[in-house]
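Below is one structure, written out as structure tokens; the observations come after it.
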Amino acid sequence: MSIADATMGLSQEPAALPLTRSEAAFAAARQVLPGGVNSPVRAFRAVGGTPVFIDRAAGPRVWDIDGNEYIDYVLSWGPMILGHAHPAVVEAITRAAERGSSYGAPTLAETELAEVVAELVPSAELVRLVSSGTEATMSALRLARAATGRTKILKFAGCYHGHADLLLVQAGSGVATLGLPDSPGVPVGVTADTLVAPFNDLAAVEALVAEVGDQVAAVIVEPVAANMGVVEPVPGFLEGLRRVTSEHGALLIFDEVLTGFRVALGGGAARYGVTPDLVTLGKVLGGGLPLAAYAGRRDVMETVAPAGPMYQGGTLSGNPVATAAGIATLRLLREPGVFPAIEAKAGRLVAGIAEAAAGAGVPLQSTHAGTLGGFFFAERPVRNYVDAKTSDTARYGRFFHALLRRGVYVAPSQFETLFLSAAHGDDDLDSTLEAVRAALAEAT
Ligand code: KE4
């Protein structure tokens, strides 16, 4: 089916298509895009059914091309913390675009955004802007290896740091969803230096580092694991990583692409009072446009070219339209009361889900961390990836569709996160919790 056929009459009153428009659009998309999407988790493989094609979004809501309206808790996987199409962000983007969309030359806005990051994010003394979280983590690990002269890196099972070869080992998020513990196409040699330990297992880290400590360039961790579902660090875990890495001359990297400006305004480092050597950022940082960063200790970051010898570059790094969106987003987010209000909404939603499950006698574990939250259909608390994978993911899939039919759009995978925004109002949360109660009863 051609794209034209699939989207026939889209601009007019919806024609009576043999399929829903999303189904037709998905069929057309699969003719030209691998799996019909540009990022695997969007394909609904984990929950089944047809992905809804989004036509537009505003505030806390999105509308699909069939005209269905949803309260959105995906928020583009985190970036839209002010809500979709916030007027001030749209204006900033428009005004920047009117001055030219890319120059490939330094601009004042890049310095301004880096100054804001340095103010908000502990450890961010120097900042390098890039275009995606993957680019940020890939570069931060190259930097750690360059700065230490060492080759091994340690990550945690179920943590996802983007799709760079060296990190696609027991990754979370879409890899977890697809059940691809190691992706084909990644040469063994590339992952030979990637060590993996269970999240929240400090003893395992100490044992691994005791064996190869003087070869470990860095330990990279999501300070709140949010790509296996949401799993908080147990008390002492992050502090332990800080101690072990310092003792062995390895760098501690907090991958805050998702948790940055989300679990606290200053990210996990601020929330837990543990300062890493390097930090990666993204999502909220770009306000929904392609922008990410790696940052950290001045002495380490000065290894990055052209200040130092470690090469990394990018045509659209620090893009003026993306930096304008990021500056506008962070300016509003840091206004008094804004972040705490979103945090309170996340707390209310997570507590409401837990209460509804208890009332329905459904075993559920929930987590609230700043402006995000998560839940598992599980009898016992989830502390790591093994626990997360033993939760009832099939029930999650049924629950997802029961919510979607009631106009609530949560992540189409158990191994993701609930995101709140400044735009979600009490009425949205009331409607959501009403849908949750009904969906829990339906999705047994
Ligand atoms: P991107 O390359 O997708 O901008 O960032 C990769 C990345 C790095 N680090 C963390 C902690 C991340 O969560 C991510 C990306 N997050 C997923 C959702 N959990 C992106 C969604 C997708 O892959 O489509």
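Just so it is clear, the values below take in all heavy atoms, side chains as well, and ignore hydrogens, waters and symmetry mates. For ligands, and for the atoms within them, numbers begin at 1 and follow the listed sequence.
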With atoms numbered from 1 as shown, which atoms in ligand 1 lie under 4.0 angstrom from a non-hydrogen atom of [X]?
{"X": "Ser39", "answer": "22 (C), 23 (O), 24 (O)"}
{"X": "Tyr160", "answer": "9 (N), 10 (C), 11 (C), 12 (C), 14 (C), 15 (C)"}
{"X": "Glu222", "answer": "11 (C)"}
{"X": "Val41", "answer": "22 (C), 24 (O)"}
{"X": "Lys283", "answer": "13 (O), 15 (C), 16 (N), 17 (C), 18 (C), 20 (C)"}
{"X": "Gly162", "answer": "6 (C), 7 (C), 8 (C)"}

Any chance you could measure [X], atom [atom1], to [Y], atom [atom2], to the nearest 0.5 Å?
{"X": "Glu110", "Y": "Leu291", "atom1": "CD", "atom2": "CG", "result": "9.0 Å"}
{"X": "Leu285", "Y": "Ile327", "atom1": "CG", "atom2": "CD1", "result": "9.5 Å"}
{"X": "Asp193", "Y": "Leu154", "atom1": "CG", "atom2": "CG", "result": "12.0 Å"}
{"X": "Arg145", "Y": "Leu166", "atom1": "CZ", "atom2": "CG", "result": "5.5 Å"}

Task: Trace of the side chain to side chain donor-acceptor pair (under 3.5 Å) decision for Ser132 with Glu135 - done: CA-CA 5 Å; Ser132 75; Glu135 195 180 357; 4.5 Å; no
Please confirm whether the ring centroid of [X] lies under 6.0 Å from the ring centroid of [Y].
{"X": "Phe44", "Y": "Phe26", "result": "no"}
{"X": "Tyr396", "Y": "Phe376", "result": "no"}
{"X": "Tyr272", "Y": "Phe254", "result": "no"}

Can an N or O of [X] be found at a distance shorter than 3.5 Å from an N or O of ligand 1?
{"X": "Glu416", "answer": "yes"}
{"X": "Asp255", "answer": "yes"}
{"X": "His161", "answer": "no"}
{"X": "Val257", "answer": "no"}
{"X": "Trp77", "answer": "no"}

Open item on the list: Counting only heavy atoms closer than 4.0 Å, does ligand 1 sit against the backbone of His163, its side chain, both, or neither?
Closed with: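 Neither part.
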Task: Mode of Glu135 contact toward ligand 1 - side chain, backbone, both, neither (heavy atoms, under 4.0 Å) - done: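 For Glu135, there is no contact with ligand 1 at all, from either part.
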Task: Salt bridge present between Arg271 and Glu256 (N-O < 4.0 angstrom) - done: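 So Arg271 does not pair with Glu256 through a salt bridge.
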Task: Nearest option to atom 19 (N) of ligand 1, as decided by whichever heavy atom of Asn227, Leu167, Thr134 sits closest - done: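 The nearest heavy atom belongs to Asn227.
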